[in-house]
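Hydrogens, waters and symmetry mates are skipped; everything else that's a heavy atom, side chains included, is used. Just so you know, residue 1 is the first one in the sequence shown, and it goes up from there. For clarity, every value in this text was computed on a predicted model and none was experimentally measured.
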Amino acid sequence: MRIEQNVVGTVNNIIAQALCCDIEQVTKDKDMYYDLLADSLAMIDIFVALEQTYSIAYTEEDITKVERVEDIYHFVNVHI
């Protein structure tokens, strides 16, 4: 499935803001928890921002399925 470049940029920005890290650190192969040090509260913040940005709904299960940044790209791509 092809992920639009504007989705990648927007998602990377949301993740970088939520995790207070440089956007250059956010790449598709990074593990959200081990590489970017996200915790459950940060993941909720990310999904709330995604909901506000793209007007998409999410569930707790959607959050628990995420391991890598690429998983978030896929989630957004499927729901927009």
Side-chain angles (χ1 to χ4, degrees):
M1 174 179 293
R2 178 171 154 66
I3 307 294
E4 295 295 325
Q5 197 61 32
N6 61 339
V7 169
V8 170
T10 302
V11 169
N12 286 358
N13 190 45
I14 289 170
I15 293 170
Q17 287 181 357
L19 300 179
C20 299
C21 67
D22 292 329
I23 198 163
E24 293 82 22
Q25 292 178 285
V26 182
T27 60
K28 71 177 187 171
D29 60 331
K30 294 285 179 129
D31 187 284
M32 291 297 298
Y33 301 97
Y34 296 110
D35 296 326
L36 298 176
L37 305 177
D39 60 15
S40 58
L41 185 56
M43 292 300 291
I44 292 170
D45 288 343
I46 290 166
F47 273 79
V48 167
L50 294 172
E51 179 180 49
Q52 293 171 344
T53 302
Y54 293 106
S55 300
I56 54 178
Y58 66 92
T59 65
E60 184 178 333
E61 184 180 353
D62 293 324
I63 296 173
T64 61
K65 289 180 181 178
V66 170
E67 293 180 11
R68 296 178 301 138
V69 172
E70 187 173 39
D71 297 332
I72 298 176
Y73 299 160
H74 178 71
F75 170 81
V76 171
N77 202 51
V78 166
H79 289 86
I80 57 174

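The CE atom of Met32 sits 3.5 Å away from atom CD1 of Ile46, with the distance rounded to the nearest 0.5 Å. Taken to the nearest 0.5 Å, the CD1 atom of Ile63 stands 9.5 Å off from the CD1 atom of Ile72. With rounding to the nearest 0.5 angstrom, the CG atom of Leu50 is 10.5 Å from the CG atom of Asp62.
Atom NZ of Lys30 has more than 12 heavy atoms from other residues, nucleotides or ligands within 6.0 Å.
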### Message
Go through it in stages, so that I can follow the logic: the residues are Leu36 and Val69, the test is side-chain contact (heavy atoms from CB on, under 4.5 Å), and I'd like the CA-CA distance, side-chain angles, deciding distance and then a yes or no.
### Response
CA-CA 9 Å; Leu36 298 176; Val69 172; 3.7 Å; yes
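A chain of hydrophobic side-chain contacts below 4.5 Å, direct or via other Ile, Leu, Val, Met, Phe, Trp or Tyr residues, connects Val48 to Ile56. Residues Ile44 and Val11 share a hydrophobic cluster, clusters being chains of Ile/Leu/Val/Met/Phe/Trp/Tyr side chains in contact below 4.5 Å.
Proximity of the aromatic rings of Phe75 and Phe47 is defined here by a centroid distance below 6.0 angstrom, and this criterion is met.
Residue pairs meeting the side-chain hydrogen bond (donor to acceptor under 3.5 Å, both in side chains) criterion with at least one member in residues 35-57, sequence neighbours excluded, do not occur.
In this structure Glu61 satisfies the side chain to side chain contact (heavy atoms under 4.5 Å, CB included) test together with Thr59, Thr64, Lys65, sequence neighbours excluded.
Side chains of Tyr58 and His79 form no contact here, defined as non-hydrogen atoms less than 4.5 Å apart.
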Which donor-acceptor pairs under 3.5 Å do the side chains of residues 15-27 make with protein atoms, sequence neighbours left out?
{"residue": "Gln25", "atom": "OE1", "partner": "Asp22", "partner atom": "N", "Å": "3.0"}
{"residue": "Thr27", "atom": "OG1", "partner": "Asp29", "partner atom": "OD1", "Å": "2.7"}

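Formation of a donor-acceptor pair under 3.5 Å by the Asn77 side chain with backbone atoms of Tyr73 is not found in this model.
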